[in-house]
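Structure first, then comments.
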Protein chains: 2
Amino acid sequence: MGDLHMGVEAEAINDSSSDNHSKSVDIYPLSCYYFGSKEAIVFKDETLSDRNNRMKSNYAANGLRTSVEAVILVELFKHPHLLLLQVRNSFFKLPGGRLRPGESDIDGLNRKLSRKLSASEDGNETEWQVGECLGMWWRHDFETLMYPYLPSNAKKPKECTKLFLVRLPESQKFIVPKNLKLLAVPLRQVHENHKTYGPIISGVPQLLSKFTINIVDI
Amino acid sequence: MGDLHMGVEAEAINDSSSDNHSKSVDIYPLSCYYFGSKEAIVFKDETLSDRNNRMKSNYAANGLRTSVEAVILVELFKHPHLLLLQVRNSFFKLPGGRLRPGESDIDGLNRKLSRKLSASEDGNETEWQVGECLGMWWRHDFETLMYPYLPSNAKKPKECTKLFLVRLPESQKFIVPKNLKLLAVPLRQVHENHKTYGPIISGVPQLLSKFTINIVDI
């Protein structure tokens, strides 16, 4: 277990403040996991304006829209890779999605991950290890971008996206809808690459930087 | 205490995973604090190549250079502001500095904050509340930039910078060396503003995004 640079990280956080005792993530080689496919899922919006209209009517009915997304890591070439879903060969998403009204973060993320990454849709088969909240992004009005803070004039934010670290077990089956592509992208490629991955995903390496990432040799 | 948007944040993190119970920061108006000045400090390097040479000889003597830096917030116009030091009217730094060999993160950050932000240099006067580690950045070779991860080929990183959240009390005196300027910069101005603040500071709003920031009305 571990390799040289991981040893250095572990040493460096030795005497950090006391809340950091559990701030580590074990990651396993990509080859530990099985990848298959299942039936396509239906996308709710064809265009950005569809999405906008749906967000407005949902906001009128249910208020603040909260989405939960998973940061999931695997190892490849001795470097942590982030699991991303690619939609229609264009944009990238972290696996996750919108909470139902009243649903907890953990229940919702389990449901969404099972729907997008597992064989069974009801979440019975895979119990995902939902860990620390890494960050939250806010959309303070329907037409604006998301930011990692609320502007002081934003009394009624419209959307909140929360990122959670999800630790993988040593082996697992990923069964992905045919119309989504699951990719493992190196952290170094994601870092500050707004153009390809957008502001939320391209900031993930920073959000992970306080964790000691242990590469487990199987 | 609190205002409207803070109420929303608190609600949003209600049912997050259990480790988030203490993830909040109380911030106080800038007007709660007193600002004065003291004698100039001596900068060790005149040029970037001075810095490089000093880093190399220090590395040969002591190995990995570890710096600790503080993320300190105050409130102004109902928005969180980050305290930054400006050097020679040009670049910006988080308050902090390099650890001595064998020194702990917390001792070192206390020493550096007292030297740069307090009247007494020996740290007796101000006890800084050093909290969570927010992130770590690595320089894997003398000539490279810093990244929030170690590349897989980096066996011997040369420098590590750790960011810690430091919570302020309700009032405090800041006494700053004459040749440094202490500024309170809105988080929204810092966010993704690499050009002005560099990659580490411009990522701070993301690192803070999982915290509920409570604006305390005095």
Side-chain angles (χ1 to χ4, degrees), chain A residues 3-6 8-9 11-17 19-20 22-23 64 66 77-80 103-107 130-138 140 147-157 160 162-164 187-188 191-192 194 199-200 203 205-211 213 215, chain B residues 3-6 8-9 11-17 19-20 22-23 64 66 77-80 103-107 130-138 140 147-157 160 162-164 187-188 191-192 194 199-200 203 205-211 213 215:
Chain A
D3 65 4
L4 225 168
H5 86 259
M6 297 304 148
V8 173
E9 287 191 6
E11 179 188 284
I13 66 155
N14 247 353
D15 46 21
S16 293
S17 69
D19 79 313
N20 290 321
S22 65
K23 294 286 179 277
L64 177 70
T66 303
F77 309 124
K78 297 280 176 202
H79 187 72
E103 189 177 36
S104 77
D105 293 343
I106 292 175
D107 288 351
V130 179
E132 295 86 341
C133 179
L134 299 175
M136 296 197 273
W137 288 71
W138 299 88
H140 71 273
Y147 296 97
Y149 51 81
L150 269 176
S152 50
N153 58 353
K155 304 233 184 304
K156 294 184 173 175
C160 173
K162 300 188 204 178
L163 275 54
F164 289 90
L187 278 192
R188 65 172 169 271
H191 175 55
E192 291 184 352
H194 293 223
I200 298 182
Q206 282 187 70
L207 299 180
L208 288 171
S209 71
K210 69 171 179 186
F211 290 88
I213 297 178
I215 295 180
Chain B
D3 64 5
L4 225 167
H5 86 257
M6 296 305 149
V8 172
E9 288 191 6
E11 181 187 284
I13 66 155
N14 246 354
D15 47 20
S16 291
S17 69
D19 79 313
N20 290 321
S22 64
K23 294 285 179 280
L64 177 69
T66 303
F77 310 125
K78 298 278 176 203
H79 187 72
E103 189 176 36
S104 78
D105 293 344
I106 292 175
D107 289 351
V130 180
E132 294 86 341
C133 179
L134 299 175
M136 297 197 272
W137 289 71
W138 299 88
H140 73 271
Y147 295 98
Y149 50 81
L150 271 176
S152 52
N153 58 351
K155 304 235 183 303
K156 294 185 173 177
C160 173
K162 300 189 204 178
L163 276 55
F164 289 90
L187 276 193
R188 66 172 166 271
H191 174 55
E192 291 185 352
H194 293 224
I200 298 182
Q206 282 187 70
L207 299 181
L208 288 169
S209 71
K210 68 171 179 186
F211 290 87
I213 298 178
I215 295 180

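The analysis underlying the following values was restricted to heavy atoms, covering all of them including side chains, and did not include hydrogens, waters or symmetry mates. In what follows, chains are A, B, ... by sequence order, proteins preceding strands, each numbered from 1.
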- A/Lys210 side, atom NZ; B/Leu163 side, atom CG - distance, nearest 0.5 Å: 11.5 Å
- Note on the structure: The reported gap from CG in B/Leu134 to CD in A/Gln206 (rounded to nearest 0.5 angstrom) is 11.0 Å
- Task: Could you look at A/Leu207 and say if it's the side chain, the backbone, both or neither that has a heavy atom under 4.5 Å from chain B?
- Result: both
- A/Trp138 ring center within less than 6.0 Å of B/His191 ring center: no
- Query: If you round to the nearest 0.5 Å, how far is CH2 of A/Trp137 from OG of B/Ser209?
  - Reply: 7.5 Å
- Task: Could you tell me whether the side chain of A/Glu192 reaches within less than 4.5 Å of the side chain of B/His194, counting heavy atoms only?
- Result: yes
- Which atoms of A/His140 come close to chain B, meaning under 4.5 Å heavy atom to heavy atom: side chain ones, backbone ones, both, or neither? neither
- Item | Close side-chain approach of A/Lys23 to B/Cys133, heavy-atom, < 4.5 Å | no
- Check whether any side-chain heavy atom of A/Arg188 lies under 4.5 Å from a side-chain heavy atom of B/Tyr147, and answer yes or no. no
- Message: Do A/Met136 and B/Phe211 have side chains that approach each other closer than 4.5 Å (heavy atoms only, starting at C-beta)?
- Response: no
